[in-house]
Every structure is written in C-alpha cells, then in structure tokens.
Amino acid sequence: MSDPSSRMRARIPQADPRIFELFDGWLAARGDHPVADRAAFDPVTISRMLAFVWIYRMAPDRGDYICELAGEEVNAVWGNSIKGRTLTEIVGPEHRTTLAGRWARARSEPAILYSATENLPDPHFVHRVERLVLPMRSRDGEVDSVLGTSLYDRRTDRIASGVDTSVAMPAAVLRIPVAEL
C-alpha cells in the first residue's frame, strides 16, 4: 500500500504542488498519531509556504476561532493583519457559521479539507483560490486548531508558473478522513 503522501496526491492530483508541501509538513509532525502535534510542527519544513499559511485555534470561552498565525500573503488579501482576531471579525457572521462548522468536523472526525474555486470578477482578472485545512492537536492531545493555506492566484500567474490550468477544479469542499490516508 502506498504512503499517506502518495494517497493524498492521488485524491487531488490537480492541486497546486504547494498544497502537498503543507500536507507533507503536517504529516511529518503527525508521527504515529492521526493528527499532527502542533508543538512538533516545524515551520522550516514549509519555509516556501509560510506567507500563505494560517492557524486558527478554537477558544471555547469566546465561542469562536482565534487566528494565531497568518502569513504575509494572507494578511495582504485581508488588507491588514488578522492575527489575534476572531473568525467572526474576519469573515463576518454569515460566513463564520459555514467555516466554523467545517472546521469543527475536520477537528472531530478528524479529516482534511480541500477546495478550489474560481471567481470571475471581470474578464481581465480570473482569480482562483485553493485551500487546504488540516487538524492540529495541542500539547494536552485535544484537537483544537486548524492549520491551513489559502493560495490566491490569477490565471495568468498560474500559466506563467507552469501550473496546468486546464484541469477542471471542484467547486465543493472535499473532505478526506484522516483514517483513509
């Protein structure tokens, strides 16, 4: 049987190669556990990805996720630093419900979430966003955080970088139970 990294690549062969860099870093921190240990996660393993990475931790006392880390590109998309802000403050209550529900399921199952969508704001700027969400456990073993990436690209950028843009991308969120890897 193939290793988890190969099985993940087989599930989402159309994904940007950077998605697999983050997955492999998470996998290295997983050890023999189903979910990566946040303290064992080494950012050096994803040094090229750091600008696109974020971590949110569920804060039960606030009933919301708190952004604990956001890379430069993530902050640029939001227009300012989102570190320390709640998910509700960042995306608004209407989107918070959907995201928090997805993340709660990713943490409890546990599962990996992958999505890629394209937006057409006007004929000159075809934007594509690709996301990977990975559950993380704290020192006490509770799966209370999600590590993720959001890759925002214009089609022209993807063509210039040699990424195949002809492959159809799923608009829905793909849930991959960790047990299947």
Side-chain angles (χ1 to χ4, degrees), residues 1-43 45-58 65 67-71 73-74 77 87 90-91 95-119 127-138 141-153 158 161 163-181:
M1 182 177 263
S2 61
D3 64 284
S5 185
S6 296
R7 287 192 294 275
M8 182 69 162
R9 282 168 171 73
R11 293 289 297 266
I12 52 172
Q14 75 281 11
D16 185 303
R18 295 173 293 177
I19 291 290
F20 303 116
E21 288 180 41
L22 181 62
F23 177 72
D24 289 343
W26 176 85
L27 202 56
R30 193 171 85 152
D32 295 332
H33 301 280
V35 173
D37 182 336
R38 191 166 164 188
F41 185 77
D42 184 359
T45 64
I46 61 158
S47 59
R48 292 182 339 136
M49 289 290 301
L50 290 175
F52 306 97
V53 171
W54 40 263
I55 295 176
Y56 285 84
R57 181 185 51 81
M58 178 50 144
Y65 286 88
C67 180
E68 294 192 337
L69 176 114
E73 292 294 325
V74 175
V77 167
L87 184 60
I90 297 165
V91 302
H95 296 297
R96 184 250 180 236
T97 302
T98 301
L99 289 174
R102 288 177 183 163
W103 293 357
R105 184 167 182 195
R107 290 177 30 239
S108 66
E109 189 169 329
I112 296 164
L113 305 178
Y114 169 80
S115 66
T117 56
E118 291 190 8
N119 298 328
H127 288 88
R128 181 172 181 277
V129 61
E130 194 168 355
R131 291 188 177 93
L132 184 69
V133 178
L134 304 158
M136 299 280 280
R137 61 187 167 84
S138 60
E142 179 185 1
V143 181
D144 64 353
S145 299
V146 289
L147 164 70
T149 188
S150 297
L151 302 173
Y152 296 90
D153 290 310
R158 293 182 60 73
S161 68
V163 174
D164 181 5
T165 59
S166 64
V167 179
M169 300 301 296
V173 175
L174 176 64
R175 186 184 49 76
I176 304 169
V178 170
E180 293 180 9
L181 297 174

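For reference, positions follow the sequence shown, starting with 1.
Here the side chains of Thr45 and Asp24 are not in contact, with every heavy-atom distance at 4.5 Å or above. You'll find the side chain of Ile12 reaches within 4.5 Å of the side chain of Phe20, heavy atoms only. Residues Met8 and Leu132 meet the side-chain proximity criterion, which asks for heavy atoms closer than 4.5 Å. Val74 places none of its side-chain heavy atoms less than 4.5 Å from the side chain of Tyr152. Side-chain contact between Leu147 and Leu22 is present, with heavy atoms from C-beta onward closer than 4.5 Å. No side-chain heavy atom of Glu21 sits under 4.5 Å from any side-chain heavy atom of Thr149. Side-chain contact check for Arg30 versus Val178: some heavy-atom pair is nearer than 4.5 Å.
Note that the CD atom of Gln14 and the CD atom of Glu130 stand 7.5 Å from one another [nearest 0.5 Å]. Of the inter-residue distances, the one linking Leu113 atom CG with Leu99 atom CG reads 10.0 Å to the nearest 0.5 angstrom. Atom CG of Leu27 and atom CZ of Phe41 lie 11.0 Å apart (nearest 0.5 Å). The distance from atom CG of Leu69 to atom CG of Leu50, rounded to the nearest 0.5 Å, is 8.0 Å. In this structure, the separation between CZ on Arg107 and CZ on Arg57 is 10.5 Å, given to the nearest 0.5 Å. Rounded to the nearest 0.5 Å, atoms CH2 (Trp54) and OG (Ser145) are 11.0 Å apart.
Side chain of Arg137 to main chain of Val35: a donor-acceptor pair is present (N/O by atom type, distance under 3.5 Å, no hydrogens or angles). Although no hydrogens or angles enter the test, the distance criterion places no donor-acceptor pair under 3.5 Å between the side chain of Arg131 and the main chain of Ser115.
The two residues Pro34 and Pro110 have their closest heavy-atom pair at CB-CG, 4.5 Å. Closest approach of Pro135 to Trp26, counting heavy atoms only: O-NE1, 2.7 Å.
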Stepwise, does the side-chain contact (heavy atoms from CB on, under 4.5 Å) test hold for Val143 with Glu109? CA-CA 10 Å; Val143 181; Glu109 189 169 329; over 6 Å; no
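Cation-pi contact between Arg18 and Phe52: present, with separation from the ring centre below 6.0 Å and deviation from the ring axis of at most 45°.
Checked by atom type, the side-chain pair Ser5/Arg9 shows a donor-acceptor distance below 3.5 Å.
Ring geometry, Tyr56 versus Tyr65: the interplanar angle exceeds 60°, so the pair is classed perpendicular (tilted spans 30 to 60°).
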